Number of protein chains: 2
Amino acid sequence: MAETSTAVTKATSKKMRRKEAEALILSAAEKVFAEAGFGGATMQLIADVAGLPKANLHYYFPTKELLYRQVVQKIFQIWLQAADIFDQAEGPEEGIGAYIDAKMEISRRHADGSKVWASEVMHGAPVIQDYLETTLTDWTNGRIDVIERWISEGRMAQIDPRHLLYMLWATTQHYADFGHQIDTLNGGAPLDDKQWEAAKSNIKTIILRGIGATE
Amino acid sequence: MAETSTAVTKATSKKMRRKEAEALILSAAEKVFAEAGFGGATMQLIADVAGLPKANLHYYFPTKELLYRQVVQKIFQIWLQAADIFDQAEGPEEGIGAYIDAKMEISRRHADGSKVWASEVMHGAPVIQDYLETTLTDWTNGRIDVIERWISEGRMAQIDPRHLLYMLWATTQHYADFGHQIDTLNGGAPLDDKQWEAAKSNIKTIILRGIGATE
DNA sequence: GGCCTTCCTGACCGTATGGTCAAATTCAGA
DNA sequence: TCTGAATTTGACCATACGGTCAGGAAGGCC
């Protein structure tokens, strides 16, 4: 084992291909940006986590902003993926239930990414404002249409679809963004499988009953 | 005794009293920390916002960390205040309903503070970890007792109290922390009085019905 | 091997930042 | 008015940061 150990899996060959190197750096960057925020993160620290010299980072990502932008974009893609579940459902109980499941899974598996996104939005979305105005707006309006259809079909109560969506985002992402607070209140340990299941179940129970989609 | 303080925004007299100066600086710091995060905020920018020379900040707050800590503590106090409403209620519909109202009011009036708190927790609570482990833990356990009593009295469904609290925090704080995203989806304008009322009403409707505290 | 492209990296640079300090200013009370 | 403590401030400093660059190493292809 001549290779130095790093937090992120490191490639074995001396010379990396673009995609490998970029993925390695993006992964390290996501972690560091999540832990320290954009301003608090340093290229040196990202380099250390990736197990590469700092200058090598600048070879693949010329500036810190560019690296950060790619990290945020990666999250946003994953985030949007959960949308498919919503559309393919035949009713609110199935659609919203599955959406909660999917978003909770993302909160668990991609907590760092969720934090980066939250941080970005909290600071006024300086980097991804255009995404909010285009992709996210379109996505939201599409889902509002679906919910309104469900309401007009009498499959759920008359709820403001927009605020329902905010509620879904808030409750699910909370488990990623405020994971540290939740862990602390859990005695310092991360939620185990059973507790995650309880969290999902609770959210689904309350919201689905709350919107009158279950009886 | 009689303070001749007139304007909170800017100092009028050449020499300030400690409390005035500290309040002015804390207010500016809260704004800047919320917008830029701890790492992104600079003492120079806080000084500019406060309308004071940078060296003057260091006279009242020796280090950036100390200033930040005070800002976070201030938020936490406001945050805990909303707890009183919870205890004085005679049932879940009144108690949780009023708590949602109170927390939504905080999200609207102290959005910057909420963001600072969120940022702090998201980055692992390096500064206020002790608060999470003591005050917040105690507060949470106390509220869990109240909710469990309501459940045992048959006044609401059997819901995990802990996850219900997380849900209340998540949904209400979302309107502060993700306010920029919400504003963008609102056509770029902040929510007006009517929209805030709709948001509050929606949350209360869904959650109270969801936990079986209303019929 | 010879050559070219891609990749790697230590050393370096200008700038911005948190923090210091000593001299100046203000003000309450004697 | 005088005195001493509290406050204000411009100038200054050491450090750390993002970014650059020149030269070296690795590997594919003939």
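Every value quoted in this text rests on a predicted model; they were computed, and no experiment measured them. The chains referred to below are lettered A, B, ... by the order of the sequence lines, with proteins before strands, and numbering in each begins at 1.
- One can place CG of A:L52 at 12 Å from C1' of C:dC7, the figure rounded to the nearest angstrom.
- For B:R69 and C:dG18, the CZ to P distance is 18 Å, given to the nearest whole Å.
- Rounding to whole angstrom units, CD1 of residue B:I25 and P of D:dT7 are separated by 11 Å.
- Identified under the side chain to side chain donor-acceptor pair (under 3.5 Å) test for residues 42-53 of chain B, with sequence neighbours left out: B:Q44-B:D48.
- Proximity of a side-chain donor or acceptor of A:T137 to a complementary backbone N or O of A:L132 within less than 3.5 Å is detected.
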Working for side-chain hydrogen bond (donor to acceptor under 3.5 Å, both in side chains), residues B:Q73 and B:Y131: CA-CA 9 Å; B:Q73 283 177 350; B:Y131 278 86; 3.1 Å; yes
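- Summarising the geometry, the separation between CG on B:L66 and P on C:dG18 is reported as 15 Å, rounded to the nearest angstrom.
- Pairs of residues two or more places apart, or lying in two chains, that qualify as side chain to side chain donor-acceptor pair (under 3.5 Å) and include a residue from residues 97-106 of chain A are A:Y99-A:W169, A:D101-A:K204, A:K103-A:Q173, A:E105-A:R109.
- Within the 3.5 Å criterion, the main-chain N or O of A:A23 finds no donor-acceptor partner in the side chain of A:S27.
- Rounded to whole Å, atom C1' of C:dT17 lies 15 Å from atom CG of B:L67.
- For A:D138, there are no salt bridge (Lys or Arg N to Asp or Glu O under 4.0 Å) partners two or more places apart in sequence or in a different chain.
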Show me the protein contacts with nucleotides 16-20 of chain D, counting only N or O atoms at under 3.5 Å.
unit_1: D:dG18; atom_1: OP1; unit_2: A:A41; atom_2: O; d: 3.2
unit_1: D:dG18; atom_1: OP1; unit_2: A:K64; atom_2: NZ; d: 3.1
unit_1: D:dG18; atom_1: OP2; unit_2: A:M43; atom_2: N; d: 2.9
unit_1: D:dG18; atom_1: N7; unit_2: A:K54; atom_2: NZ; d: 3.1
unit_1: D:dG19; atom_1: OP2; unit_2: A:K64; atom_2: N; d: 2.7
unit_1: D:dG19; atom_1: N7; unit_2: A:K54; atom_2: NZ; d: 3.1
unit_1: D:dG19; atom_1: O6; unit_2: A:K54; atom_2: NZ; d: 2.8

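- One axis for each end of the helix from C:dG1-D:dC30 to C:dA30-D:dT1, each built from five base pairs, and the angle between them comes to 10° at 10° resolution.
- Under a 3.5 Å cut-off, the side chain of B:E120 and the backbone N or O of B:V127 do form a donor-acceptor pair.
- One interatomic measurement links the two molecules: CG of B:N56 to P of C:dT25, which rounds to 16 Å at whole-angstrom precision.
- Every residue two or more places apart in sequence or in another chain that forms a side-chain hydrogen bond (donor to acceptor under 3.5 Å, both in side chains) with B:H180 is listed here: A:Q129.
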